[in-house]
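One structure is given here, and the rest of the page talks about it.
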Number of protein chains: 2
Amino acid sequence: MASLGELERAVMDLLWAGQEAATANTLRDLLAQSTQPQDGTVGHVGKDLAVTTVLTVLSRLERKGLVERERGTRPHRYQAVSSRADHTAELMHEVLGSAPDREAVLARFIGSVTDNEAETLRKLLGRS
Amino acid sequence: MASLGELERAVMDLLWAGQEAATANTLRDLLAQSTQPQDGTVGHVGKDLAVTTVLTVLSRLERKGLVERERGTRPHRYQAVSSRADHTAELMHEVLGSAPDREAVLARFIGSVTDNEAETLRKLLGRS
DNA sequence: ACTTACTTCTACGCCACGTAGAAGTTGCTC
DNA sequence: GAGCAACTTCTACGTGGCGTAGAAGTAAGT
């Protein structure tokens, strides 16, 4: 239940980027903009999509529990359920969780982490 | 390019479990056995598959770079390219890699790790 | 040469996802 | 309060991955 499609990911990226809940139309516009001349934004460059397409995707994301919508307001407003960092961390746990040899995995994982990140991890883990 | 199907995963589990390279037939038998009365093995319980099915899956796994085969021997022998731990760790890096806020992700990640694992991680990270 | 074991090719059904039109609903305006 | 405009829901189609396997091709032993 982990992976997202390309468009789904693009939408999530937008939702994660903006702090406010967004409408389908807003998202459609943002998705269209992303392609403009000098594009800085990543992802799904400049798709000019129908609003219904965005809505379909949002529904699917809602079904997957990644997005929730306020049904009260007239144009429903959508927002990510959890932050990107939370979601990614959860994904990592999911990947790790399916392993019978968690420690071995962690060993490999740590083994191929950058020095900076190792330092970060040490700090996060508190003093040994 | 990450996720595996159910059968693909079952096959990988077998390849990861056995240390020797295996033939399609062997794998087919192992997949069939797994269902027997008192099953201990996880996964895909007791599918009685055609050998061609297993071969198809193995080809796909080969294409994905997870498996390699010796073409010399007459019944080709298949083996996992990397250990399960390596593969899982790689997956974790993949998940993490797609995040612009790696540190935040790591923070969340270790925030929800068991005490034991935190301890393991401290050991793995060693002193500076 | 014939049979037998093994491999490759081709294929079908299902489901996720990108994509969107058609149909239904709600709220504003005259 | 009837009609329009905006919005949502329903339905659907094309593509591609995966489970599944038969048909066709190839090699190896008798």
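The chains referred to below are lettered A, B, ... by the order of the sequence lines, with proteins before strands, and numbering in each begins at 1.
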In whole angstrom, what separates B:L58's CG from D:dA21's P? 14 Å
Give the rounded distance in Å between these two atoms: CG of A:L55 and C1' of C:dC17. 16 Å
Which atoms form the tightest heavy-atom contact between A:L27 and A:V54, and what is the distance? CB-CG1, 4.1 Å
Checking only heavy atoms, does the side chain of A:S3 share a donor-acceptor pair with the base of C:dA16 at less than 3.5 Å? no
Nucleotide nearest B:T56 (side chain, heavy atoms from C-beta), chosen from D:dT20, C:dT7, C:dG18: D:dT20
Whole angstroms only, please: what is the CG-P distance between A:L27 and C:dG18? 14 Å
Measuring from the side chain of B:K47 (C-beta onward, heavy atoms only), which nucleotide among D:dT20, D:dT9, C:dT19 has the closest atom? D:dT20
Report yes if a side-chain nitrogen or oxygen of A:K64 is closer than 4.0 Å to either non-bridging phosphate oxygen (OP1 or OP2) of C:dA16; otherwise report no. no
Rounded off to whole Å, could you give me the CG-to-P distance for the B:L7 and D:dG19 pair? 5 Å
From CZ of B:R69 over to P of C:dC6, roughly how many Å is that when rounded to an integer? 14 Å
Taken to the nearest whole Å, NE2/A:H76 to P/D:dT8 is 5 Å
Any N/O donor-acceptor pair, B:R63 side-chain to D:dG17 base, under 3.5 Å: no
With the side chain of A:R60 defined as its heavy atoms from C-beta on, choose the nearest nucleotide among D:dA12, C:dG21, D:dT20. D:dA12
Reckon B:T23 touches a base, only the sugar-phosphate, or nothing at all at heavy-atom distances under 4.0 Å? nothing
Separation of C:dC17 atom P from A:L4 atom CG, nearest Å, is 8 Å
Can you tell which of D:dG19, C:dC6, D:dT8 lies closest to the side chain of B:R74? C:dC6
Please tell me which of the listed nucleotides, D:dT9, C:dG18, D:dG22, lies nearest to the side chain of A:E8? C:dG18
